[in-house]
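Below is one structure, written out as structure tokens; the observations come after it.
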Amino acid sequence: MYIDLYDLQNVPPSNINRDDTGSPKTAHYGGTLRSRVSSQAWKRAIREMFKDLLDSSRLGVRTKGAVSLIRDAIVAKRPDLADDAESLAQYALKATGVDVKESDRAGKDKGTLSTEYLIFIAYREIERLADVAIGWHDSGTDVSGKPSAAMKKEVGAVFHGVQAVDIALFGRMLADAPDLNTDASAQVAHAISVDTITPEYDYFTAVDDCASDDNAGAAMIDTVGFNSSTLYRYATLDVDSLYEQLRDVTATVEGAAAFVEAFIRSMPTGKQNSFANRTLPGTCVVALRDTQPINVVDAFEDPVRGEAGSSISRQAAVRLGRKLKLVQDAYGEQPLQAWNITTDEPVAELDEVSAHVTFPALRSELKEALTQALSGRE
């Protein structure tokens, strides 16, 4: 069972996601230049919103500083182990197969213990690794040599239990410890604009507030790239995969609902202070399928063009509805249920393939549908 998410989002002048030159990312599609926001940028925005939707005990953190987090957990549980906590934390992480070294980054992090790359670790796993390390200390286990097979197995069990929601959704890859890898149950496409864009540049100056009266010049001169567009966004969630990792119907339903809400409401933070580009999608379609995920980006292979009396966003919504209907008819891909949300007048083409609802109604009906579909699994 899959949840397909389709969003159309009008974004004013902005630089949401920059490339190596500092300009907004772009892509060529249908022979024309489109605005692009990478899936990585939007997935981080989604994960950040999870903090408001789910309890932290069900989430994880992506960091090089896992040793410090485990150390702090050990000290919180056993203040008497403050002097040994870092070495115990390092050894617990080492037993997973993850390499730990002293950081060579400048500043306060220099010389601290860190992993060579970012690892995605659940807060629950941090707590359990702390318990394992404390147990080794109390039992007199030698934590100076090479971890034994039994120790590796004990640590491995920490990662093979119920996953954190965000790790189950977005996956985990540990190059040094492939046994701890987790496949992602969600996929997020790069967002691209439905219309052709023209890169633009804002020339700006900054004045020194404390400059003398006879100094009329600018203290800083620079340019920043931006563009405006209507983005087509798509993501899909494998509900069965999420359930296999969370092992609980209620947790799966809540996790799926949180993903849907965060996908719709989130916004990457690039240059927000300069452009205040926070918008919500003008059109959302959510489809519950039992066959396969379907991305209908080809509805916009021919870019939408502005017309008098019809906005690009409105035309895009009509196209989206028509394409979903064409795919449904051509392939027999009738969704189990589908809903649409619009902030403008209802779109007949969307109403033909989905029920027009408000977001609170969508959330409630989706959770009910998932609960019924997953009933009997436990």
Side-chain angles (χ1 to χ4, degrees), residues 2-12 14-17 35-56 58-60 62 164-170 184-194 228-237 239 242 251-273 275-288 295 313 316-317 320 338-344 346-347 350 354-370:
Y2 306 93
I3 300 173
D4 276 348
L5 300 166
Y6 311 90
D7 284 2
L8 296 171
Q9 189 157 355
N10 195 313
V11 184
S14 59
N15 187 345
I16 298 174
N17 186 208
S35 176
R36 177 174 67 91
V37 181
S38 71
S39 60
Q40 296 92 329
W42 226 300
K43 282 190 284 189
R44 174 168 173 75
I46 292 170
R47 288 197 299 110
E48 288 295 301
M49 183 160 281
F50 281 161
K51 297 173 183 177
D52 298 325
L53 302 174
L54 297 167
D55 188 86
S56 62
R58 299 169 62 187
L59 299 174
R62 195 187 302 269
V165 174
D166 45 1
I167 293 177
L169 285 167
F170 298 124
S185 57
Q187 299 173 352
V188 180
H190 288 233
I192 64 168
S193 62
V194 303
S228 307
S229 66
T230 297
L231 296 173
Y232 165 77
R233 301 172 50 211
Y234 170 78
T236 186
L237 170 61
V239 178
L242 184 63
T252 301
V253 171
E254 292 296 332
F259 176 73
V260 170
E261 180 166 359
F263 179 80
I264 292 173
R265 292 184 179 273
S266 61
M267 172 67 77
T269 57
K271 290 288 185 180
Q272 279 190 12
N273 289 347
F275 291 100
N277 52 262
R278 289 299 301 244
T279 60
L280 286 169
T283 298
C284 302
V285 177
V286 179
L288 188 61
N295 186 341
S313 299
L320 177 60
W339 305 264
N340 77 74
I341 304 168
T342 60
T343 57
D344 201 347
V347 179
L350 290 175
S354 55
H356 183 65
V357 295
T358 63
F359 179 77
L362 163 65
R363 181 172 51 194
S364 175
E365 292 179 24
L366 176 63
K367 291 171 71 171
E368 182 179 353
L370 291 175

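Residue Asp52 holds its CG atom at 9.5 Å from CD of Glu261, rounded to the nearest 0.5 Å. Distance NE2/His356 to CH2/Trp339: 15.0 Å, rounded to 0.5 Å. For the atom pair CD1 (Ile341) and CZ (Arg363), the distance works out to 10.0 Å, reported to the nearest 0.5 Å. Atom-to-atom distance recorded for Ile16:CD1 and Gln9:CD is 7.5 Å, nearest 0.5 angstrom. Of the inter-residue distances, the one linking Asp7 atom CG with Ile264 atom CD1 reads 5.5 Å to the nearest 0.5 angstrom. Interatomic distance, Arg58 CZ to Ile167 CD1, rounded to the nearest 0.5 Å: 13.5 Å.
Under the 3.5 Å distance criterion, with hydrogens and angles disregarded, no donor-acceptor pair is assigned to the side chains of Glu48 and Ser266. Of the N and O atoms on the side chains of Tyr2 and Asp4, not one donor lies less than 3.5 Å from an acceptor on the other residue.
With a 4.5 Å cut-off on side-chain heavy atoms, Tyr232 and Leu8 count as touching. Between Thr236 and Asn295, every side-chain heavy-atom pair lies at or beyond the 4.5 Å cut-off. Contact annotation: the side chain of Cys284 never approaches that of Leu5 to less than 4.5 Å [non-hydrogen atoms, C-beta and beyond]. Looking at heavy atoms from C-beta onward, Phe263 lies out of side-chain contact with Met49 at the 4.5 angstrom threshold. Leu237 places a side-chain heavy atom less than 4.5 Å from the side chain of Leu169.
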**Request:** Could you walk me through whether Ile3 and Leu366 pass the side chain to side chain contact (heavy atoms under 4.5 Å, CB included) test, one step at a time?
**Result:** CA-CA 10 Å; Ile3 300 173; Leu366 176 63; 4.2 Å; yes

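A donor-acceptor contact shorter than 3.5 Å links the side chain of Asn17 to the backbone of Ser38. Checking side-chain atoms of Gln272 against main-chain N and O of Arg278 turns up no donor-acceptor pair under 3.5 Å. Distance alone, capped at 3.5 Å, places no donor-acceptor pair between the Asp166 side chain and the Leu59 backbone. Formation of a donor-acceptor pair under 3.5 Å by the Ser354 side chain with backbone atoms of Leu350 is found in this model. Of the possible donor and acceptor atoms, one in the side chain of Ser185 sits under 3.5 Å from a partner among the backbone N and O of Ala168. Between the side chain of Thr279 and the backbone N or O of Asn10, at least one donor-acceptor pair lies under 3.5 Å.
In summary, of the residues considered (Leu231, Ile192, Val11), a side chain to side chain contact (heavy atoms under 4.5 Å, CB included) with Val37 occurs for Leu231 alone.
The aromatic rings of Phe170 and Phe50 lie parallel to each other, with less than 30° between the two planes, well short of the 60° mark.
In terms of heavy atoms, Trp42 sits closest to Arg233 at NE1-NH2, 3.0 Å.
Counted within 6.0 Å of CD on Glu365, heavy atoms from surrounding residues, nucleotides or ligands total more than 12; the atom is thus considered enclosed.
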